[in-house]
There are 2 protein chains.
Amino acid sequence: MGHDWKESLRVPGHRLTPQRLAVLEAIREAGCHCTLAEIQERLKPQHPTLTLPTVYRNLRYLVNAGLAAQTDLGGGCHVYEFVADKHHHHLVCLKCRTVIDLPDSFLDPLRNALRDRYGFTPCMEHFALFGVCPSCEKKASERSSDVCLGSDG
Amino acid sequence: MGHDWKESLRVPGHRLTPQRLAVLEAIREAGCHCTLAEIQERLKPQHPTLTLPTVYRNLRYLVNAGLAAQTDLGGGCHVYEFVADKHHHHLVCLKCRTVIDLPDSFLDPLRNALRDRYGFTPCMEHFALFGVCPSCEKKASERSSDVCLGSDG
DNA sequence: TTGGATGCAAAGATTTTGCAGTTTT
DNA sequence: AAAACTGCAAAATCTTTGCATCCAA
């Protein structure tokens, strides 16, 4: 039952405040990528006074500390998630915004290849991949002539 | 000498304006990922009246049309690039922000695995991977005790 | 006690929208 | 002529910052 990650926040020169812990717990309990709005929603009951700047500052802190990951899933804002021992990743459908979780082991071949070839050590907790999900792929192939230019304005 | 991509913008219900073409040419000539500021800089001499909303609208249009790709490289704003026949990808160093280009073929194994296992068709032109570059990795290992908690505020 | 963290308010930055007028088709 | 697009201005978001106060160590 090791709550070791708490201890990793007890670093000389830094302080483990209730707010900081609350933000960590929020994304940990969420168990998946969450937006600022979702994090605030989660914090409201127990910590109604916790402010937006504080959440942002603590998220940045946690990302630097390696306990959280920040990702852009294309929704117009960043999403954050707790970095557990078991990483997982995201396949994001560009059409319907469905997110498929991808187990970490799936990326091992890529990881090794990057290290061998480029000496690059990827931070795979920051990993999101965009594309088309099976369901939308199927829909698209049914409509044989699909011009795909969105309207603007 | 095929300027075929221009023709792909001549779609019924859409119009090929000088501005739209200019934005396309800007990212095409840039040859790499560029920010809004960089795009505007490039457009200024030839198209001094081109406005920010127009650039944004056309970039969104081009992304939908499959001629441009939007990526978050962690710099606080999106970067855009022309989607040529030869895709390439980015290894972004989280420490020094260096960007290493990765040839498309490098991702074929992953691509195939995703398709086989999940039926997911990745849009690999949207690909960016964060991590630590060889140079920073070396620096880090030289300083054996490196607590890596950034300060905030 | 000390200086790191919070809360508040305000600002900064990126990106979007409404609308009248212009331009492509 | 019709409707898509532009330019302008303003707004909507997301995110950061300054500063006085508070609190963990």
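Reminder, nothing fancy here: chain letters follow the sequence lines and each chain counts from 1.
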Query raised in the report: Considering only heavy atoms from C-beta outward, does the side chain of B:H78 approach that of A:D72 to under 4.5 Å?
Result: yes

Check: protein-nucleotides 19-24 of chain D nitrogen or oxygen pairs below 3.5 Å:
{"from": "D:dA24", "atom 1": "N3", "to": "A:R15", "atom 2": "NH1", "distance (Å)": "3.3"}

Report task. From the options C:dT15, D:dC14, C:dG7, select the nucleotide whose nearest atom is closest to the side chain of A:C77. Result -> D:dC14

Query raised in the report: Taking only side-chain nitrogens and oxygens of A:Y56, does any of them come within less than 4.0 Å of OP1 or OP2 of D:dT16?
Result: no

Query raised in the report: Which part of the nucleic acid, if any, lies within contact of B:P53, taking any heavy atom under 4.0 Å across all strands shown: a base, the sugar-phosphate backbone alone, or nothing?
Result: base

Query raised in the report: For the pair made of CG in B:L73 and P in C:dT14, what is the distance, rounded to whole Å?
Result: 15 Å

Query raised in the report: Given B:L91 and B:C133, is the side chain to side chain contact (heavy atoms under 4.5 Å, CB included) satisfied, shown in steps?
Result: CA-CA 8 Å; B:L91 305 177; B:C133 73; over 6 Å; no

**Report entry** A:Q70 side chain near A:L59 side chain, heavy-atom distance below 4.5 Å
**Finding:** no

Query raised in the report: Whole Å only: how far is the CG atom of A:L9 from the C1' atom of C:dG4?
Result: 14 Å

Query raised in the report: Rounded to whole angstroms, how far apart are OH on A:Y80 and P on D:dC14?
Result: 12 Å

Query raised in the report: With respect to the side chain of B:T49, which nucleotide from C:dA5, C:dT6, D:dG7 is positioned closest?
Result: D:dG7

**Report entry** d(CD, A:Q40; C1', C:dT6) in whole Å
**Finding:** 14 Å

Requested in this report: Calculate the interatomic distance between A:Q70 atom CD and D:dT16 atom C1'; express it in whole Å.
Outcome: 13 Å

Report summary line: Regarding the side chain of A:R20, the nearest nucleotide among D:dT16, C:dT15, C:dA5 is C:dA5

Query raised in the report: Heavy-atom distance under 4.5 Å between the side chains of A:V79 and A:T35, does that happen here?
Result: yes

Requested in this report: Mind checking A:L52 for me? I need base, sugar-phosphate or nothing, with any heavy atom below 4.0 Å counting as a touch.
Outcome: base

Query raised in the report: Looking at A:H14, does any N or O in its side chain come under 4.0 Å of the phosphate oxygens OP1/OP2 on C:dA5?
Result: yes

Report task. Indicate if A:I100 and A:V132 have the same hydrophobic cluster label, given that clusters are the connected sets of ILVMFWY residues with side-chain heavy-atom separations under 4.5 angstrom. Result -> no

Query - Atom-pair distance (CG on B:L59; C1' on D:dC5), nearest Å - result: 15 Å

**Report entry** Whole-Å gap separating P (C:dA5) and OH (A:Y61)
**Finding:** 6 Å

Report task. Output yes when at least one side-chain N/O atom of B:H78 is less than 4.0 Å from OP1 or OP2 of C:dT15, else no. Result -> yes

Query raised in the report: Can you tell me how far C1' of D:dT15 sits from CG of A:D72, to the nearest Å?
Result: 14 Å

**Report entry** Donor on one side chain, acceptor on other, B:H47 and B:E25, under 3.5 Å
**Finding:** no

Query raised in the report: A:T121 and B:E137: side-chain donor and acceptor closer than 3.5 Å?
Result: yes

